[in-house]
K.L.:
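The structure's right below; bear with me while I get my questions together.
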Amino acid sequence: MEVFDIIKAENVSLGYNQTVIASKITLSIQPGEFIGIFGSNGSGKTTFIRTLLGLIKPVAGNLFIFNAKPTHGNDRIGYMPQLRMIASVAHLTSRTIIGASINSACYGLPILSKKQKSEITNILKLVEAESFADRPFQQLSGGERQRVYLAQSLQGYPPILLLDEPLAGLDPRSQERFIELLYRIKTKLNSTILLTAHDPNPLLKVMDRVLYFANGHAAIGQTKEIMTSENLSALYGLTIDVVHYKDRLIILGENQNLSDYHD
Amino acid sequence: MINILSYDFMQHAFIAGTMAAILAGIVGYFAIIRHLAFAAHALGHIGFAGAAGALLFGMTPIVGQFILTVFAAFGISLLGERISKSDMAIGIILSFCLGLGTLFLYLYHGFAGQASVILFGNLLGVSNQDLKLMFWLMLISLIALSFISRPLFFSSLEPELAEAKGISPFTIGLFFIVIMAIAVTLASQVVGVILVFTLLVGPAAIAIQCTRYFWSGMIVSVLISIGIVWLGISLSYFTDWPISFWISALTFVFYLLSKKLSKDNLVY
């Protein structure tokens with residue numbers, strides 16, 4: 001059976017207007033892969049995700065998603081943005097917030113059918129958020145909120161999930177729980193997941209490959225191939241040591257621990 | 001109570017007040033979740049210049065007010081694309097319009113009492129013609145709002161996600177602020193431009209404090225809005241104090257009560 005590339009990039013340059021952030025990206029991602037995307041701030045992780053969503057066009061090269069150019073508003077892609085505006089939701093419940101995203105691009109009154117309501121309940125069960133779905137969203141903990149946001153991106157069960165920094169602001173225990181949940185969902189739905197993060201360690205067990213952005217370039221491959229002293233040194237143009245300690249990776253730059261700078 | 005409604009001007013006041021209250025309750029809810037409370041306040045004051053200009057050119061104040069408020073709404077959308085920038089854009093447009101209003105009043109040598117009518121409202125002086133205009137404005141706004149309410153609600157809660165789903169935040173935002181300009185024009189007939197905020201944002205703020213769902217919030221907001229206006233008009237009738245005072249005072253009291261209520265568990 002021929003392997004189908006769900007995402008394919010040929011010599012793609014990413015950026016806004018004519019400012020190139022990362023160039024010469026060539027990669028192909030198969031259905032069902034779990035890709036961790038790493039790199040320092042401004043290296044192109046979010047830009048890559050926004051390009052896949054069709055919100056910005058690649059500056060150069062060919063990018064394909066489902067064998068077509070990325071288009072705005074593709075409902076086969078689930079997206080979990082990094083920046084959130086939550087101050088205004090007042091006392092609205094998670095159920096209401098998830099309900100708001102159903103058919104949201106269609107005009108009309110936000111009235112949900114019985115079928116749509118049970119669909120929301122199913123998604124809430126999938127992310128294990130049913131027990132707090134009717135509490136005001138603002139009263140939820142960081143980990144609970146991330147599960148609600150994940151539920152929102154799962155609406156319609158899209159084959160691709162693009163998750164931008166879902167672990168940001170979570171403590172190690174909540175990160176672990178979120179990743180375990182994500183992995184269970186991925187196994188159940190056979191989704192392709194692209195997830196940006198700063199620290200590779202909590203993801204080592206679940207990632208199939210890593211995509212690393214640094215210094216205007218990107219490299220993709222197995223974690224142990226990419227996260228090596230030689231590769232990261234070449235990507236950053238600095239001397240970088242990757243130290244294996246027990247089951248963890250520690251990335252050290254000249255006189256500094258780069259993973260500390262990853263915030 | 002029967003006495004109140006035996007006067008034509010009281011009937012007009014109740015009809016105009018109810019129409020303004022319905023629209024303000026709904027628009028206010030969206031204005032709050034979209035962080036547009038300041039814009040609502042500003043559009044009210046901008047209407048002052050429109051009404052003063054209308055007097056100068058011999059038009060009905062409400063017409064001038066409506067036209068300038070809608071123009072300003074466009075201006076605010078075009079100048080302030082992002083939330084962070086929009087407060088500045090609103091402030092600049094607001095102060096320019098207040099300046100214009102001052103100039104118009106200076107050039108208008110008519111009855112100076114007109115200024116206080118615009119500023120503090122004159123619900124008892126609403127004419128048949130005003131009522132008709134208010135009715136059509138309300139109807140058009142409600143139809144337009146129900147048409148865009150789904151993408152509007154979603155893009156208010158999740159602007160980033162809405163954009164990724166193919167909703168243009170700019171178009172929806174522009175559409176909404178124009179409807180808000182209409183709601184401001186109606187509300188200012190009841191409480192005057194100075195106190196537009198109390199009717200447009202007050203009832204919705206109370207509703208948001210004590211509801212957990214979209215529809216319950218919407219319904220509570222409209223009911224509180226109508227309740228406050230009716231009670232305000234009635235109290236004004238019996239005490240002879242200004243309607244604007246009663247409406248703003250009732251809003252304040254209800255808001256305090258809702259703060260207390262929201263601490264307990266919400267059911268709706």
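Numbered from 1 within each chain, the chains take letters A, B, ... in sequence-line order.
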K.L.:
Taking all heavy atoms of B:F147 and all of A:Y107, pick out the closest pair and write down the distance.
P.N.:
O-CB, 3.2 Å
K.L.:
A quick test of your reading: do over 12 heavy atoms of other residues, nucleotides or ligands sit less than 6.0 Å from CZ of B:F71?
P.N.:
no
K.L.:
Mind ranking A:N103, A:L55, A:L109 by heavy-atom pairs under 4.5 Å with chain B and telling me who comes out on top?
P.N.:
A:L109
K.L.:
Report the option among B:G217, B:A164, B:G166 that has the most heavy-atom pairs separated by less than 4.5 Å from atoms of chain A.
P.N.:
B:A164
K.L.:
Listing request: all salt bridge (Lys or Arg N to Asp or Glu O under 4.0 Å) pairs with a residue in residues 112-126 of chain A, at least two apart in sequence or in separate chains.
P.N.:
none
K.L.:
Compare every heavy atom of A:G108 with every heavy atom of B:S149, then report the nearest pair and how far apart it is.
P.N.:
OG-O, 3.0 Å
K.L.:
For the backbone of A:I111 and the side chain of B:W215, can you confirm whether one donor and one acceptor N or O come within less than 3.5 Å of each other?
P.N.:
no
K.L.:
Tell me, yes or no, whether the heavy-atom count around B:F96 atom CZ, taken from other residues, nucleotides or ligands under 6.0 Å, exceeds 12.
P.N.:
no
K.L.:
If you look at every heavy atom in A:Y79 and B:L161, which pair is closest and at what distance?
P.N.:
O-CD1, 3.1 Å
K.L.:
Which residues in residues 173-194 of chain B have any heavy atom closer than 4.5 Å to a heavy atom of chain A?
P.N.:
none
K.L.:
Show the nearest heavy-atom pair for residues A:S101 and B:K165, with the distance to one decimal.
P.N.:
O-NZ, 3.0 Å
K.L.:
Show me the donor-acceptor pairs, under 3.5 Å and distance only, between side chains in residues 65-73 of chain A and residues at least two apart or in other chains.
P.N.:
unit_1, atom_1, unit_2, atom_2, d
A:H72, NE2, B:E163, O, 2.5

K.L.:
Is a side-chain N or O of A:S104 found less than 3.5 angstrom from the main chain of B:R150, in a donor-acceptor match?
P.N.:
no
K.L.:
Check whether any side-chain heavy atom of B:F153 sits under 4.5 Å from a side-chain heavy atom of A:L92, and report yes or no.
P.N.:
yes
K.L.:
Using heavy-atom distances under 4.5 Å, tell me whether A:R50 contacts chain B through its side chain, its backbone, both, or neither.
P.N.:
side chain
K.L.:
Give, for atom CD1 of A:I97 and atom OH of B:Y213, the distance between the pair rounded to the nearest 0.5 Å.
P.N.:
11.5 Å
K.L.:
Please state whether the side chain, the backbone, both or neither of A:I77 comes within less than 4.5 Å of a heavy atom of chain B.
P.N.:
neither
K.L.:
For B:H45, give me all partners under ring-ring contact (aromatic ring centres under 6.0 Å, His included), at least two apart in sequence or on another chain.
P.N.:
B:H41
K.L.:
Is it the case that more than 12 heavy atoms not belonging to A:R177 sit under 6.0 Å from its CZ atom?
P.N.:
no
K.L.:
Enter the distance from B:R212:CZ to A:D134:CG here, rounded to the nearest 0.5 Å.
P.N.:
6.0 Å
